[in-house]
Amino acid sequence: MGQKYTAEELNQFSKQELVFLVSSLQGQMETMNENLEKLIEQVRIANQQRFGRHTEKLDTMDGQLSFFNEAEYLSEENAEEPDIEEVLQKKPRAKKQKGKRDLDLQDFPEELQEHDVPMEKLDALFGEGCWRKMTVEEYKRLRYEPASWTVERHRVHVYVGTGGEHQDEFLRGTRPKDLLRNSILTPSLGAAIMNAKYVNSIPVARIEAEFERNDVHLSRQTMSDWIIKCSERYFEPLYQRLREKLLEFPVAQADETPVDVIRDDRSAGTPSYMWVFRSGEFYKETPIALYKYQKTRNSEHPKEFFKNYKGVVVTDGLSQYHKLDRELEGFTNANCMAHARRDYADAVKALGKSNPDVVKRSIAYQALARISSIYKLEGTLSDIPAEERLVERQATIKPLVEEYFTWIKERLSDTSCLPKGKTAAGLNYSVNQEKYLKVFLENGDVPIDNSASKRSLRTFCVGKKNWIFCNSIKGAQASAIVYSITETAKLNNLNPYYYLQYLLEEIPKLIAEDRTIDNLKLDTLLPWSKDLPEQCKSKRR
């Protein structure tokens, strides 16, 4: 608190002292107003995040921007008017597809149930012989049966020689290899546990409870131990092969999210991180998503992963990746345009919807309008070859991007927004990341944002909310490997359960006596391999 003066004391001040006092008070008031505006903005954003829709799309943001059209900011004076036929053309009504239900149910086993009328009832109603059979009415219903359990009772026959050269020698029937020594674990059971935890985000404690309700007594400790051992013995080699394949792509993407690990030799509450590295969004033939657990967010982690990589890696604006761009030869970092609009979206949400005109004139809204125009053009290029995409970007999108950066620099120079608010944060973010945000304009394989990585992390983040934390570093590492297998399987339109089961059946057969596996043999198990059984392939493509 500043010193308070009485009226008598102020009357004794000289003119210069009064001028100095008023100037200092003006500075304090300006700072207080800025802080007050910032606090109001933060409260509105917090309320929006808690109670409002979580979207950054211009036309759907909390319903408040649907009153406007960003085109009025970006329209061309000499734009050509559309014909009346184009304006009033009727949208054809989608016809109901015949046979869709039969098509949806064609891959399931069928059980025929006849609902006939007894002969006696027919004769009683119509008279004997006074009736004939019509066309049978047929319909389908889908029945669900809970998981079933079967004990595999293995009997290994043993024989012994009673004479000749092999007298007293034993010969046993071929015994299938156990997944784990003296364990009741089978590929189907292991796949079911992993599918429940890593695909359906069910904590192991809930899996244990569900098994108990079926009179199957498996502790969460036993199941966790199975997951860790199977990931280390069987999935780790496939994970490394997928990593080799990933680094062959000219464009990759990366992101990370915090995760709590209890037993990591650090104080409680210290965040660890789960990193995701995936193939570029436009590589749809053989997509890959790999997880990697690390204790910290240090740049050494992605540097180790990409140490021999030559290509573009799309990320958010994390400085660790910029460091790799400077230090690794052949490594280029591209940034995410979705992150560039995030602060603007928060600023618009903070303005509320009580005064649409104020929102419409705000710098944040105008910035979102420009980015929205870039996205709309980019959205039309998703299904064309990379070469054509690059030509279109250079012709239509690059001028909009250049105009956007010119415009934000003008807004920063004229000091027309609060220096501490979200709008200023958005402007400064774009200026600081300009070099990295423009990389997609020079390479048709580089996506405009890193949304694909966010989608790859979504299943992990949903699971994280359910199971809260990992118990140990080994558990976190095992989770990273299994998530890599299941998420890559989903990207390749595989059924994760049947794929996990198939891997647990086949990989043990490929392990040599020195515990190594030939990569060529592993290639037959990759998610896009044509050698995979039909059962592994998803029926809903």
Side-chain angles (χ1 to χ4, degrees), residues 85 87-155 176 184 186-202 206-218 284 383 459 462 486 489-506 527-541:
E85 290 79 7
V87 176
L88 300 180
Q89 62 179 336
K90 293 183 179 179
K91 184 178 179 180
R93 184 177 178 181
K95 293 183 179 179
K96 187 175 180 180
Q97 185 179 344
K98 289 186 177 181
K100 186 176 185 303
R101 176 175 293 181
D102 290 338
L103 189 64
D104 289 340
L105 301 177
Q106 67 177 356
D107 296 311
F108 295 99
E110 287 191 1
E111 177 186 288
L112 182 61
Q113 297 186 10
E114 299 283 1
H115 307 289
D116 208 342
V117 182
M119 185 86 66
E120 297 79 7
K121 190 173 182 179
L122 289 170
D123 289 341
L125 179 63
F126 297 114
E128 187 173 352
C130 298
W131 52 268
R132 64 185 176 85
K133 193 167 188 176
M134 302 290 290
T135 303
V136 177
E137 297 176 359
E138 187 170 311
Y139 63 92
K140 292 183 179 181
R141 297 293 182 265
L142 187 62
R143 187 175 73 220
Y144 169 76
E145 295 177 1
S148 61
W149 302 85
T150 303
V151 176
E152 292 182 0
R153 185 181 177 189
H154 294 263
R155 300 178 67 203
I184 63 171
T186 60
S188 61
L189 179 56
I193 294 169
M194 294 180 197
N195 185 71
K197 177 174 172 60
Y198 297 106
V199 179
N200 297 326
S201 303
I202 302 175
R206 294 184 198 170
I207 302 173
E208 177 188 29
E210 179 64 22
F211 284 179
E212 285 283 351
R213 285 188 281 271
N214 288 277
D215 291 327
V216 177
H217 309 291
L218 286 174
K284 298 179 181 179
D383 297 324
T459 303
V462 170
T486 57
K490 286 157 63 177
L491 287 174
N492 286 273
N493 295 312
L494 298 183
N495 182 307
Y497 166 76
Y498 288 114
Y499 184 56
L500 287 169
Q501 180 183 9
Y502 183 68
L503 293 179
L504 290 174
E505 289 171 349
E506 297 301 316
W528 50 84
S529 170
K530 298 188 183 302
D531 296 325
L532 295 180
E534 197 65 29
Q535 189 180 39
C536 291
K537 298 170 185 175
S538 174
K539 306 301 182 185
R540 304 289 177 263
R541 291 179 177 246

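Nothing fancy with the numbering, it's 1 onward along the sequence. Owing to the predicted nature of the structure, the values given are computational and were not obtained by experimental measurement.
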- Approximate separation, where rounding is to 0.5 Å, of W528 CH2 and L491 CG: 10.5 Å
- Quick one: pull up CG in L504 and CE in M194 and give me the separation to the nearest 0.5 Å. 5.5 Å
- State, to 0.1 Å, how close Q501 and S188 come at their nearest heavy-atom pair, and which atoms those are. NE2-CB, 3.7 Å
- Chi angles and distances behind the side-chain contact (heavy atoms from CB on, under 4.5 Å) call for M134, R132: CA-CA 7 Å; M134 302 290 290; R132 64 185 176 85; 3.7 Å; yes
- Do V199 and Y497 come within less than 4.5 Å of each other through their side chains, counting heavy atoms only? no
- Query: So, do W131 and D123 sit near enough that their side-chain heavy atoms are less than 4.5 Å apart?
  - Reply: yes
- Grab the two heavy atoms, one from L500 and one from A191, that are nearest each other, plus how far apart they are. CB-CB, 3.8 Å
- For P527 against L494, the heavy-atom pair lying closest together: O-CD1, 3.4 Å
- Assess whether side-chain contact (heavy atoms from CB on, under 4.5 Å) is satisfied between T459 and T486, documenting all intermediate values. CA-CA 10 Å; T459 303; T486 57; over 6 Å; no
- Task: Please step through side-chain contact (heavy atoms from CB on, under 4.5 Å) for the pair K140 and E110, ending with a clear verdict.
- Result: CA-CA 9 Å; K140 292 183 179 181; E110 287 191 1; 3.3 Å; yes
- Task: Scan D215, I207, N214 and name whichever one has a side-chain contact (heavy atoms from CB on, under 4.5 Å) with F211.
- Result: I207
- Message: For the CZ atom of R141 and the CD atom of Q113, what is their distance to the nearest 0.5 Å?
- Response: 11.5 Å
- Note on the structure: Heavy-atom nearest pair, C536 first then Y498, reads SG-O, 3.6 Å
- Query: Any side-chain heavy-atom pair from K537 and N495 closer than 4.5 angstrom?
  - Reply: no
- Decide side-chain contact (heavy atoms from CB on, under 4.5 Å) for K284 and D383; before the verdict, give the C-alpha distance in whole Å, the side-chain angles of both, and the deciding distance to 0.1 Å. CA-CA 11 Å; K284 298 179 181 179; D383 297 324; 3.8 Å; yes
- Message: Are L189 and L218 packed together at the side-chain level, in the sense that at least one heavy-atom pair is separated by less than 4.5 angstrom?
- Response: yes
- d(L112 CG, E138 CD) to nearest 0.5 Å is 7.5 Å
- Could you check if a side-chain atom of I202 sits within less than 4.5 angstrom of a side-chain atom of E210, using non-hydrogen atoms only? no
